[in-house]
Amino acid sequence: MTTSPDGRSAPRVPNFKRFLITGALLGFVVGAVISLVGDDVRGYSAATGALFLGAFGALLGAGLAGIFGILLDRSGRERS
């Protein structure tokens, strides 16, 4: 815990920007890997499928990371 100017301990707040960027990057990588490892779809190239599933994974990963960050923020504030 850090201390505020008045001497009380202030709760630690998660860095939401880092949470969202990390979640989006991990989601993109997972989506792209699933697309490249899975079966081919007629009408789409492997790169197009990887980009589509990677973008969907990035959205899903950023959303989950945001929810996780909010839960961490609330639990930190409740303890103080």
Side-chain angles (χ1 to χ4, degrees):
M1 292 267 178
T2 59
T3 57
S4 62
D6 60 354
R8 294 184 306 180
S9 61
R12 292 184 63 188
V13 178
N15 188 339
F16 286 102
K17 184 178 179 182
R18 288 185 183 172
F19 268 86
L20 294 175
I21 290 173
T22 303
L25 287 175
L26 288 174
F28 182 84
V29 168
V30 169
V33 167
I34 288 173
S35 171
L36 294 173
V37 171
D39 295 333
D40 291 337
V41 178
R42 233 178 33 200
Y44 292 103
S45 68
T48 303
L51 285 175
F52 279 144
L53 278 179
F56 179 71
L59 287 173
L60 190 62
L64 290 174
I67 291 170
F68 184 66
I70 289 171
L71 292 174
L72 282 177
D73 184 44
R74 284 190 180 177
S75 69
R77 290 180 192 267
E78 287 175 0
R79 287 188 216 147
S80 60

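Every value quoted in this text rests on a predicted model; they were computed, and no experiment measured them. Side chains included, hydrogens not; waters and symmetry mates left out as well; all remaining heavy atoms used.
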- prompt: Where do S35 and A50 come nearest, in terms of heavy atoms and distance?
  reply: OG-N, 3.1 Å
- request: Check whether more than 12 heavy atoms from other residues, nucleotides or ligands sit under 6.0 Å from atom CG of D40, and answer yes or no.
  value: no
Distance, nearest 0.5 Å, that separates OG1 of T48 from CG of L53: 11.0 Å
task: Provide the closest heavy-atom pair for G69 versus P14 in the form atom of the first, atom of the second, distance.
output: O-CG, 3.5 Å
field: Side chain to side chain, L51 and F28, heavy atoms closer than 4.5 Å
entry: yes
field: Which atom of G23 lies closest to which atom of A65, heavy atoms considered
entry: CA-CB, 3.9 Å
message: Between T22 (side chain only) and R18 (backbone N and O only), is there a donor and an acceptor less than 3.5 Å apart?
response: yes
- prompt: Roughly how far, to the nearest 0.5 Å, is CG of L59 from CG of L64?
  reply: 11.0 Å
- prompt: Nearest 0.5 Å, what's the CD1-CG distance between I67 and L72?
  reply: 12.5 Å
message: Please list all pairs meeting ring-ring contact (aromatic ring centres under 6.0 Å, His included) that have one or both residues in residues 33-70, counting only residues at least two apart or in different chains.
response: F19-F68, Y44-F52
